[in-house]
Amino acid sequence: MAEDLSPISRLLHRRGESLQKGDPVALPIVASTTFHLPGDPLASHVYGRYGNPTVEEVEAEIGLLEDAEAVLFPSGMAAIAAVFYAQLKPGDRVLVHADGYYNARALLETYFAPLGIEMATCPTAEMAQADLTGVKLVLAETPSNPGLEVCDLAKLARNAKAAGALLAVDNTTATPLCQRPLDLGADFTIMADTKAMAGHSDILAGHVASRDPSLMAPLKTWRRLGGAICSPFDAYLLHRGLATLELRVARANANALAVANALSGIEGVTGLRYPGLATDPAHGVARKQMSGYGPIVSFCLPSRLLAEQFIERHPLITPATSFGGVHSAAECRVRWGDKVPEGFIRMACGIEPVADLTGATVRTLDTLNLRGC
């Protein structure tokens, strides 16, 4: 019967399948770092860095969503770093998105390049056509953050396999509910669970998932030796967030599409990107590989001043740098050094009622008197 249910239903009822009379229905937080261990240390749990029951339960829940083994880390960047450390050695070459999340490139430049690991970059929209000769690992992010470019993952996966390269896909913007990189041929899928998976802007977490045990084994070894352990408390909060993931993603996606449609008719708004728009340059590829298009809309206003005024005046926008939370947020990405126009805004839609968010966005833009700018 369980096999006939969706991953979300199986996740919601996973704990109930093993409950005995008198057991707590809510997932217990096992805070202990030490476990009773007399004599031979062979046991289900020996020390917090080796494993924790609360963390393992959440990994199993994420595994249902990914249809793969999942390993939890204390942040999305810790998850990306684990793939790098577990797979790369001096002399290897890595191809990374040129326009996706900048910290992945910064990590390679700062710590891996001095070790003799070469980094090459490629725009997200062109990665499926890139020359992968001599590449050990490809890291793609699609839709990319913050520009929302899209890469044809099935084609990239085929090319990577033909070249003998591993493919890791940062799926944070889409989540496993909207895009399934492993189904499209990726070797790893990576997520910052800080964002939509947890969904309440109150924890840091990340995960890596793969269907290849030989790829997961060194990843888990690196986590144990490197100590990149998610805390039981954060794992529990992630567990709570996963219970409402489908509802929150559906509302955030609906908000993003409605906002994008509203923005498309406003004078003075340029550079509008949202893969769910039929007019978006990436829509054709996105429609093939995505069942939903994520919560982020990007667009430009004529100046940084006007962009900041929009964010400041919008009654439903929190000026913040993350996305995937219950509240809508926005920022001028140029402040982080992204190669974007001065007036570029990344708007991450939350779960406010669609009419409220769309109406407030249009009314706030009206106050800026963009006509003629």
Arg273 to Ala282 - nearest heavy-atom pair and separation: NH2-CB, 3.7 Å
Applying side-chain hydrogen bond (donor to acceptor under 3.5 Å, both in side chains), name anything that partners Ser32, two or more places apart in sequence or on another chain. none
Tell me every residue that passes side-chain contact (heavy atoms from CB on, under 4.5 Å) with Asp212, counting only those two or more places apart in sequence or in another chain. Ser210, Ser214, Leu215
Side-chain donor-acceptor pairs under 3.5 Å in residues 339-350, sequence neighbours left out?
residue : atom : partner : partner atom : Å
Arg346  : NH1  : Asn145  : OD1          : 2.7
Arg346  : NH2  : Thr321  : O            : 2.4
Arg346  : NH2  : Glu331  : OE2          : 3.1

Looking at Glu59 and Arg223, is any side-chain nitrogen of the basic one under 4.0 Å from a carboxylate oxygen of the acidic one? yes
So, using salt bridge (Lys or Arg N to Asp or Glu O under 4.0 Å) as the criterion, who are the partners of Lys161 when residues are at least two apart? none
Give every residue pair that meets the ring pair (Phe, Tyr, Trp, His ring centres under 6.0 Å) criterion with at least one member in residues 180-215, sequence neighbours excluded. none
Which atom of Gly76 lies closest to which atom of Ile190, heavy atoms considered: O-CG2, 4.4 Å
Partner residues of Glu246 under the salt bridge (Lys or Arg N to Asp or Glu O under 4.0 Å) criterion, sequence neighbours left out: none
Main-chain N/O of Asp170 paired with Tyr101 side-chain donor or acceptor, under 3.5 Å: no
With sequence neighbours excluded, what pairs up with Leu27 under the side-chain contact (heavy atoms from CB on, under 4.5 Å) test? Arg15, Thr54, Glu57, Val58, Tyr236, His239
Test side-chain contact (heavy atoms from CB on, under 4.5 Å) applied to Thr121 - qualifying residues, sequence neighbours left out: Ala98, Arg105, Met119
Among Asn171, Leu65, Val208, Ile62, find the residue that satisfies the side chain to side chain contact (heavy atoms under 4.5 Å, CB included) test when tested with Met191. Asn171
Measuring only between side-chain heavy atoms, which start at C-beta, is Val135 closer than 4.5 Å to Val94? no
With sequence neighbours excluded, what pairs up with Arg180 under the salt bridge (Lys or Arg N to Asp or Glu O under 4.0 Å) test? Asp183
Any salt bridge between Lys220 and Glu69, counting N to O under 4.0 Å? yes
Set of side-chain contact (heavy atoms from CB on, under 4.5 Å) partners for Pro90, sequence neighbours left out: none
Hey, can you tell me if Tyr102 and Trp336 have their rings parallel, tilted or perpendicular (30° and 60° cut-offs)? parallel
Within the structure provided, determine whether Lys155 and Gln129 are in side-chain contact (heavy-atom separation under 4.5 Å). yes
By salt bridge (Lys or Arg N to Asp or Glu O under 4.0 Å), Asp67 pairs with (sequence neighbours left out) Arg211
Answer yes or no: is there a side-chain heavy-atom contact under 4.5 Å between Leu177 and Leu245? yes
Apply ring-ring contact (aromatic ring centres under 6.0 Å, His included) to Phe112 and Phe84, showing your working. CA-CA 9 Å; Phe112 286 84; Phe84 290 166; 5.7 Å; yes
For a quick test of reading the model, state the closest non-hydrogen atom pair linking Ala174 to Cys178 and the distance between them. O-CB, 3.1 Å
Trp222 and Phe73 aromatic ring geometry - parallel, tilted or perpendicular at 30°/60° bounds: tilted
Residue list, ring pair (Phe, Tyr, Trp, His ring centres under 6.0 Å) with Phe299, at least two apart or on another chain: Phe310
Electrostatic pair Asp92-Lys89, nearest N-O below 4.0 angstrom: yes
